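Following: one structure in C-alpha cells, then a few remarks.
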2 protein chains.
Amino acid sequence: MEKPISPAVIRRMPRYYRYLGELMNQGVERISSKSLSEKMHVTASQIRQDLNNFGGFGQQGYGYNVKYLHEEIGKILGLDREHAIIVIGVGNLGQAVANYRNFKGLGFNMVGFFDINPNLKGKKIGGVPIMMMNELEDFIKSNKVDICALTLPKDVAGPTAEKVISLGIKAIWNFALVDLEAPEGVIVENVHLSDSLMQLSYKVSKLD
Amino acid sequence: MEKPISPAVIRRMPRYYRYLGELMNQGVERISSKSLSEKMHVTASQIRQDLNNFGGFGQQGYGYNVKYLHEEIGKILGLDREHAIIVIGVGNLGQAVANYRNFKGLGFNMVGFFDINPNLKGKKIGGVPIMMMNELEDFIKSNKVDICALTLPKDVAGPTAEKVISLGIKAIWNFALVDLEAPEGVIVENVHLSDSLMQLSYKVSKLD
DNA sequence: TAGATTGTTAATCGATTAACAATC
DNA sequence: TAGATTGTTAATCGATTAACAATC
C-alpha cells in the first residue's frame, strides 16, 4: 500500500475535481497550476504538491490536461466505480439525501430506503422502495450495499450503526449528531450540520 | 480585537460544546482535560491549548466545571443570542434545514422561507410561511435577518447570494455546489455534501 | 531552440504535543 | 499540606510555501 495521504490533502481533492469539471464543461483543454491556483485562491505550489502525492499528472512547459487530470482525480476518489447506497431514516434529511441530484452522475446509486414509520411502507423515492427496518437484514444480505447513510435521531444512530456494521457494511455516512465509534476497517464520515452552523455563528459574532 | 484564532481550533469548538452538553445531561459536574481527552480521542494538551485561546476556564488541581465551560463555549460560538434565519430554496434539502430540530435549542430561529414555485406559496413549515422570491427584498428590509441559508441549484446560488448581500445579509450558509465569493465583511460557510461523500468514497477505496 | 511549467527539494511557517512550574 | 491539574513555555512534528533544476 502507498504511504497514507494527509487528511488536509484528501479534503481538497473533491474541490479540485469540481473545478476541473467546470473547466471541462467550459471546453478548457489545459491549465497550469498557476492559473488554477488563481481561480481557486490557493497557491500553485500547493496544487502541485497535492497532486504529486498521487503521481505526476502534468507536463513541464505545458501544464495539466484538464480532461485527463479530472479523470485521474476521479479515480483517486473512487468515482470510477459504482457505489450502492442505502439510506436509513426517511425524514426530511433522509429524503433530501435520497433525492440529491448530483450523486447519480458521480456513480452513487440509491438502492434502498429504510424507516420505522409504517405509513411510508411501499412508497417509493425515484423508483426505489422504502422498506421497514425489519427488512434491512435480508436486504443487505441479498444485495450489494457499499455505503449506508444514517439520517436518523442521534439516540438510535449508534445501535443502527452497530447493526449495519455487523451485517458487513464498511462505510457509514453519518448525519446524526453523534460521533460514531467505528471498528478497524469501517469508515465513518460525519456531516454535522449544527457544527457547521455554529462555526458560521462564531465567525458572524467576530464581525463587529 | 483579539488575535485571530486558527480555523482548526474553531472547527473543534462545536465538538467540545457537544460533549460538554452530553456530560451536563449526565449530571457530571467537573471534568479534567485528561478524562475529556480520553472520551473525545484527542490529547489533553490540545484541549488545554484550544481553550486557552479564549481564556482560562479551568482551575489547577480541579479541572473544568462542566456547566460553566459549556456556557462559556456557547458564548464563544455566539449561542448566547438569537439568530434569525431565512431559507432560500424549499426543495428537499431546504425543507430538511427548515425542519432541523437541533437548531431551535441553540438559538437559531427560522423566520422565513422563499422559493420560486408558486404551488408552495402560502404554505407553512413549522408555522413559518413560504414566500415567493419577489417578496424577499421587502421581507429582509422589514425584518431582522441574520443568516441566509441557500439550498438551491448551483447556477442560481451565485446571483441569489449577491442579491441578499446587497440587501445587507452578512452570513450565508451555502449548500449549493459552488464556492461563493463573498466580499469583505460577509461570511460564507459551505456545506458541500458531495465533497463529503467523495471523501468517504476515497477512504473506502483505500480499504482493500 | 527558448520559454514555460512541472516535479521535487529546501525553507518557512503553523499546529500539535510534551513538559513543567504555578497554584488550587 | 500533598496531590492533582491547569496554564503556558518549549520541543516536535507536519503542512505550506518558496525556489529551482529538470524537461517538455
Side-chain angles (χ1 to χ4, degrees), chain A residues 2-16 19-20 23 28-73 75-76 179 199 202-203, chain B residues 2-16 19-20 23 28-73 75-76 179 199 202-203:
Chain A
E2 309 94 34
K3 60 191 176 311
I5 312 290
S6 95
V9 174
I10 296 165
R11 256 200 307 276
R12 287 192 289 266
M13 296 309 288
R15 189 155 179 262
Y16 292 136
Y19 275 79
L20 289 164
L23 287 166
V28 177
E29 269 189 22
R30 66 167 166 135
I31 193 159
S32 68
S33 57
K34 178 135 186 299
S35 48
L36 185 58
S37 78
E38 283 158 8
K39 276 187 206 301
M40 297 185 66
H41 303 296
V42 297
T43 64
S45 204
Q46 180 166 76
I47 292 177
R48 294 203 299 278
Q49 286 280 20
D50 282 355
L51 296 179
N52 278 87
N53 279 296
F54 302 99
F57 302 119
Q59 202 169 59
Q60 283 99 329
Y62 172 90
Y64 299 87
N65 178 290
V66 172
K67 187 152 176 291
Y68 172 70
L69 185 57
H70 182 262
E71 198 171 298
E72 289 301 310
I73 294 179
K75 282 183 201 166
I76 290 163
D179 297 325
Q199 287 175 53
Y202 169 83
K203 290 173 195 160
Chain B
E2 309 95 33
K3 61 190 173 316
I5 311 290
S6 96
V9 174
I10 296 164
R11 255 200 308 276
R12 288 192 288 266
M13 296 309 286
R15 189 154 179 262
Y16 292 136
Y19 275 79
L20 289 163
L23 288 167
V28 178
E29 270 190 18
R30 67 164 164 138
I31 194 160
S32 68
S33 57
K34 178 135 186 299
S35 47
L36 185 57
S37 77
E38 283 158 7
K39 275 187 207 302
M40 296 185 67
H41 304 296
V42 297
T43 64
S45 203
Q46 180 166 76
I47 292 176
R48 295 203 299 278
Q49 287 279 20
D50 282 355
L51 296 178
N52 278 86
N53 279 296
F54 302 99
F57 302 119
Q59 203 170 59
Q60 282 99 329
Y62 173 89
Y64 298 87
N65 177 290
V66 172
K67 188 153 176 291
Y68 172 70
L69 185 57
H70 182 261
E71 200 172 298
E72 288 301 312
I73 294 180
K75 283 183 199 165
I76 290 164
D179 297 325
Q199 286 175 54
Y202 169 81
K203 289 173 195 159

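This one's a predicted model, so the numbers in the text were calculated from it and none came from an experiment. The figures that follow rest on heavy atoms only: side chains count, while hydrogens, waters and symmetry mates do not. Letters go in sequence order (proteins before strands), and every chain restarts at 1.
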Rounding to an integer number of Å, can you tell me how far [X] [atom1] sits from [N] [atom2]?
X       : N      : atom1 : atom2 : answer
B/Met40 : C/dT17 : CE    : P     : 13 Å
B/Ile47 : D/dG7  : CD1   : C1'   : 14 Å
A/Leu36 : C/dA4  : CG    : C1'   : 17 Å
A/Ile31 : C/dA4  : CD1   : P     : 17 Å
A/Asp50 : D/dT16 : CG    : C1'   : 10 Å
B/Arg30 : D/dG3  : CZ    : C1'   : 12 Å
B/His41 : C/dT17 : NE2   : C1'   : 18 Å
B/Leu51 : D/dT5  : CG    : C1'   : 13 Å

For B/Arg15, give me all partners under side-chain hydrogen bond (donor to acceptor under 3.5 Å, both in side chains), at least two apart in sequence or on another chain. A/Asp179, B/Tyr19

Rounded to the nearest 0.5 Å, what separation is found between the [atom1] atom of [X] and the [atom2] atom of [Y]?
X       : Y       : atom1 : atom2 : value
A/Ile31 : A/Ile47 : CD1   : CD1   : 8.0 Å
B/Met13 : B/Ile76 : CE    : CD1   : 4.0 Å
B/Ile10 : B/Ile5  : CD1   : CD1   : 6.5 Å
B/Leu51 : B/Gln46 : CG    : CD    : 10.0 Å

Under a cut-off of 3.5 Å for both distances of each Watson-Crick or G-U pair, what dot-bracket string does DNA chain C give, using [ ] for crossing pairs and | for inter-strand pairs? ..||||||||||||||||||||||

Please check this pair: side chain of A/Asn53 against backbone of A/Asp50, looking for a donor-acceptor N/O pair closer than 3.5 Å.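 Judged by distance alone, yes, a pair lies under 3.5 Å.
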
Which side-chain N or O atoms in residues 64-71 of chain B pair as donor and acceptor under 3.5 Å with protein atoms at least two apart or in another chain?
| from | atom 1 | to | atom 2 | distance (Å) |
| --- | --- | --- | --- | --- |
| B/Asn65 | OD1 | B/Lys67 | N | 3.1 |
| B/Asn65 | OD1 | B/Tyr68 | N | 2.8 |

Polar atoms only, N or O, under 3.5 Å: list the protein pairs with nucleotides 12-15 of chain C and their distances.
none

Just distance, no hydrogens or angles: give the donor-acceptor pairs under 3.5 Å from side chains in residues 33-42 of chain A, sequence neighbours left out.
| from | atom 1 | to | atom 2 | distance (Å) |
| --- | --- | --- | --- | --- |
| A/Ser33 | OG | A/Arg48 | NH1 | 2.9 |
| A/Lys34 | NZ | A/Glu38 | OE2 | 3.4 |
| A/Ser35 | OG | A/Ser32 | O | 3.4 |
| A/Ser35 | OG | A/Ser32 | OG | 3.1 |
| A/Ser37 | OG | A/Ser33 | O | 3.4 |
| A/Ser37 | OG | A/Lys34 | O | 2.6 |
| A/His41 | NE2 | B/Glu181 | OE1 | 3.3 |
| A/His41 | NE2 | B/Glu181 | OE2 | 3.3 |

Restricting to non-hydrogen atoms, name the atom on B/Phe54 and the atom on B/Val9 that form the minimum distance, rounded to 0.1 Å. CE1-CG1, 4.0 Å

Just by protein heavy atoms under 4.0 Å, how would nucleotides 18-24 of chain D read 5' to 3' in B, S and -? BBB-BBB

